[in-house]
Participant: 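Before I ask anything, let me first share the structure, which is written out below as structure tokens.
Each chain gets a letter, A, B and so on, in the order its sequence line appears, and its residues count up from 1. Values reported hereafter were calculated over all heavy atoms of this structure, with side chains retained and with hydrogens, waters and symmetry mates removed.
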There are 4 protein chains.
Amino acid sequence: MSVDERRPTKVKRLPREVRERQILDAAVRVFSQHGYHNASMDEISEVAGVSKPMIYAYLGHKEDLFAACIRREATLLIDAIAEGVQVESPPDMQLWHGLRAFFRFVGEQKESWRVLHRQATSQGGPFSDELLAMRDRAIALVDALLVRSATSRGMNEAATKSTEALAAALVGASESLADWWLDHPEVSDKVVAGWLMNLVWMGFGDLVDGNVWTPVKPEDGQS
Amino acid sequence: MSVDERRPTKVKRLPREVRERQILDAAVRVFSQHGYHNASMDEISEVAGVSKPMIYAYLGHKEDLFAACIRREATLLIDAIAEGVQVESPPDMQLWHGLRAFFRFVGEQKESWRVLHRQATSQGGPFSDELLAMRDRAIALVDALLVRSATSRGMNEAATKSTEALAAALVGASESLADWWLDHPEVSDKVVAGWLMNLVWMGFGDLVDGNVWTPVKPEDGQS
Amino acid sequence: MSVDERRPTKVKRLPREVRERQILDAAVRVFSQHGYHNASMDEISEVAGVSKPMIYAYLGHKEDLFAACIRREATLLIDAIAEGVQVESPPDMQLWHGLRAFFRFVGEQKESWRVLHRQATSQGGPFSDELLAMRDRAIALVDALLVRSATSRGMNEAATKSTEALAAALVGASESLADWWLDHPEVSDKVVAGWLMNLVWMGFGDLVDGNVWTPVKPEDGQS
Amino acid sequence: MSVDERRPTKVKRLPREVRERQILDAAVRVFSQHGYHNASMDEISEVAGVSKPMIYAYLGHKEDLFAACIRREATLLIDAIAEGVQVESPPDMQLWHGLRAFFRFVGEQKESWRVLHRQATSQGGPFSDELLAMRDRAIALVDALLVRSATSRGMNEAATKSTEALAAALVGASESLADWWLDHPEVSDKVVAGWLMNLVWMGFGDLVDGNVWTPVKPEDGQS
DNA sequence: TATGAATGAGCATTCATTCAT
DNA sequence: TATGAATGAATGCTCATTCAT
């Protein structure tokens, strides 16, 4: 058996499914390194150990290939988070576990995260649509969490209006913090998640409780 | 035939300074519309009303040109923020005015913002370095603010370690919220800034005060 | 799982002859639709319901395949014409029946005709040789007819020299008229054949009879 | 002067107009040799002594380039014919001079003729439209000639219906005869034109005069 | 100063063709 | 017999960049 693996016949003849995974793996790697535009199909095919025609036959054009990468990685991320969250838990625990799962994913799947965050956010191309949609979904989920939480604590008007915006802010903060964390691996994911949790959850709690910050002199806020 | 025809006004001999501004304006516009890679030097030269060799003579290669755009726009943003902040004010007011200036800038200079946020973040060309440096500077400023604030309120250890990370989170939250706001122009910049201020400042205040969130059951945090 | 599933009827083991016909049919169809170059072996194999390796095994390379198509269809055409012509008849009747058979074939086998006329004429691949040879054969046949006819009516020198050229002209006229006819299906094949017959036969008859057209002023013909 | 021509500066800097002609010349040559599909832009650029980007800048995509070739050559042909024909002459003389001009053109501009006849006729591609249109125009002109002629001689019904078809036949005959002639250069263009003129003009004259050919036994024509 | 003219170099894509099974 | 899997080799096209004027 091991001999077979060491000396593959000149041309490995693998089932489509396997090849597709190989290709996607290579593509994620290359896209994550060079970015969408600077990534060449040649390099991907080389890294995948597969000729270009196979890529086109199985995954389609460059754009399709990229979209497939995004879709796969985004699904992985979402699944990871979903797996972490317990639906029955109170909102804060859900958020907490969601954040932890998120940071764990970022820490373990650096390349996936880079593709998702760096490339797809960039701009243009029909794929960013796909990713922005998933980002919006994440925001909506957080929003729902915030709403539930606020409701249970007695929502006031100020909080009501702001939940969607704050959900967006939280997602952005998570992304940015994830980037920061990649440069500071000495901190554990648990700690990082804790910081963010404090910032956001406590801050939001204050808002809900009517414990709001306002400029000392109201007129200072005038534009 | 006549003297006028031999020296048509078409060939304007403009001072270098003016040409450079024309070119940068055009470049920002085109980069912001198509993204760095899809923007072609041809289109930029056309929009600028200047031939390509001039662009190369004045601003250098495409990368240089892009970096120049980033630099100019980032400087504008930073100046706008700096102008809003009063150095003598207490930390919260500084942050408040900084945020307000930031959102005002985003609202008024949409193209600039798009170039800064979308293009430069995207992929690690040599230019993103430039931008990341400025982003880091912003983070450092916020960090300093947080430190000052925490110090004045009696910093505890938990807060000390976290300031830089939280500054990064805040910057990310601001960016993300700015994007959200561009899709929800019905909200005033003041209100948006207020939301973020509450979230962050109050949350950070809680942290400093030792009023921290922790998982209900500590063991839940185990990975 | 069951025996039936292990030997699905899907894999028909057909005799070579049948497969070849399937393939040729498909090839004629595809070539006639897209032209030689734009026709892809993939599409042919798909239309034929046969995998590509089979095509190569049975009919050889693309060029060979095309040549085989040409040969088959040209043979069909020639047979159709030969069947119409009665060898015993006088030359004019032979030509007449030949033309009729030709137009009938064009009307009934449009795809065959398109392959023969459009594709093969077009470009000097090595296949067009094959077709040009058959075309030359047709011209030679017509030439023989003209010679016989002229001889029987007392050939003069002018006619002698011209028969081969006129045969070529007649073949070209037939082809062109066939194309015209495909766009004017309201005319019957008999009528069309009649027109051409008149034009050519009568004109040739005049020539043989010495009833020739000459420029009014001979010097007009000088170049 | 001659020295300058022998040692051009490394990069000749010619006005656009000149380059376009060079490119078109090369394109006609290459297309005529290899056919549209087998002609590569690389070879054209090489033959033209110009880099590919210039071709694209000046003449556009391959299809556009080909269409430009067709258009130029077709215009040359039509102009050559138009120049030969004297509008005031009687129909037969017009046809005569038209044919003579046509054969002269074919003899002198073999490459042009090959591009026009072989390539464009082939099929598919959006360019053949362009050429077919010009062919139709030629047919229409001949048709008009036939109609005028028939009218002046007392047109009968049989002739009336057939003119358009016969015009198509004549054009096809000319093309085919031109091809034949290219293989038989020993015959003068004048003689060839004379043969065709006789065939067609006399035959058509017979038709107009009611001197028609019919199958000996009418029932022979039944299908 | 200012530009039309020119190109090297690369990239996505496709297709006929052939193994290994 | 029959085919899914695999590729070498082109080819059309684009773009940043630079001369020669």
Participant: Please confirm whether the shortest side-chain N or O distance from Y56(D) to OP1 or OP2 of dC15(F) is below 4.0 Å.
Facilitator: no
Participant: Without decimals, in angstroms, what is the distance between N38(A) CG and dA16(F) P?
Facilitator: 12 Å
Participant: Just by distance, do the side chain of D25(B) and the backbone of Q22(B) share a donor-acceptor pair under 3.5 Å?
Facilitator: no
Participant: What is the pairing partner of dA5(E), taking Watson-Crick or G-U wobble pairs with both distances under 3.5 Å in any strand?
Facilitator: dT18(F)
Participant: Measure from CD on E17(B) to P on dT1(E) and round the result to the nearest Å.
Facilitator: 14 Å
Participant: Whole angstroms only, please: what is the CD1-C1' distance between I55(A) and dC15(E)?
Facilitator: 16 Å
Participant: Report the distance from atom CG of L14(A) to atom C1' of dA6(F), rounded to the nearest whole Å.
Facilitator: 11 Å
Participant: Under a plain distance cut-off of 3.5 Å, with no hydrogens placed, do E73(D) and S112(D) share a side-chain donor-acceptor pair?
Facilitator: yes
Participant: In whole Å, what is the span from the CD1 atom of I23(A) to the P atom of dA12(E)?
Facilitator: 15 Å
Participant: Can you tell me which nucleotide in dA6(E), dG8(E), dT18(E) comes closest to the side chain of P53(D)?
Facilitator: dG8(E)
Participant: Rounded to whole Å, please give me the gap between NE2 in H34(C) and P in dT14(E).
Facilitator: 15 Å
Participant: Let me spell it out: for each of D42(A) and G60(C), pick the nucleotide of DNA chain E with the closest heavy atom. Which residue's pick is nearer the 5' end?
Facilitator: D42(A)
Participant: Please say whether the positively charged group of K62(A), taken as NZ for Lys or CZ for Arg, lies over the ring of F31(A), i.e. under 6.0 angstrom from the six-membered ring centre and within 45 degrees of the axis.
Facilitator: no
Participant: Contact class for R16(C) (heavy atom, under 4.0 Å): base, sugar-phosphate, or nothing?
Facilitator: nothing
Participant: Just how far, in rounded Å, is P of dA16(F) from NE2 of H37(A)?
Facilitator: 11 Å
Participant: Counting the atoms with a prime plus P, OP1 and OP2 as sugar-phosphate, which does M41(D) contact under 4.0 Å by heavy atoms, base, sugar-phosphate, or nothing?
Facilitator: sugar-phosphate
Participant: Crowded around R72(A) CZ? As in, over 12 foreign heavy atoms under 6.0 Å?
Facilitator: yes
Participant: Take N38(B) and Q33(B), measure what side-chain contact (heavy atoms from CB on, under 4.5 Å) needs, and give me the verdict at the end.
Facilitator: CA-CA 9 Å; N38(B) 293 322; Q33(B) 271 176 28; over 6 Å; no
Participant: Would you mind telling me which residue lines up with the more 5' stretch of DNA chain E, S40(A) or M54(D), judged by nearest nucleotide?
Facilitator: M54(D)
Participant: Distance check: side-chain N/O of R19(A) vs OP1/OP2 of dA6(F), anything under 4.0 Å?
Facilitator: yes
Participant: When you match P15(C) and Y58(A) each to their closest nucleotide on DNA chain F, which lands nearer the 5' end?
Facilitator: P15(C)
Participant: Side chain of K52(A) only, heavy atoms from C-beta on: which candidate in dA6(F), dT13(E), dA6(E) is closest?
Facilitator: dT13(E)
Participant: Name the closest nucleotide to the K62(A) side chain, picking from dT7(F), dA12(E), dA16(F).
Facilitator: dA12(E)
Participant: Over how many whole Å does the gap from Y36(A) atom OH to dC11(E) atom P extend?
Facilitator: 13 Å
Participant: Think H61(C) has a side-chain N or O under 4.0 angstrom from the OP1 or OP2 of dA16(E)?
Facilitator: no
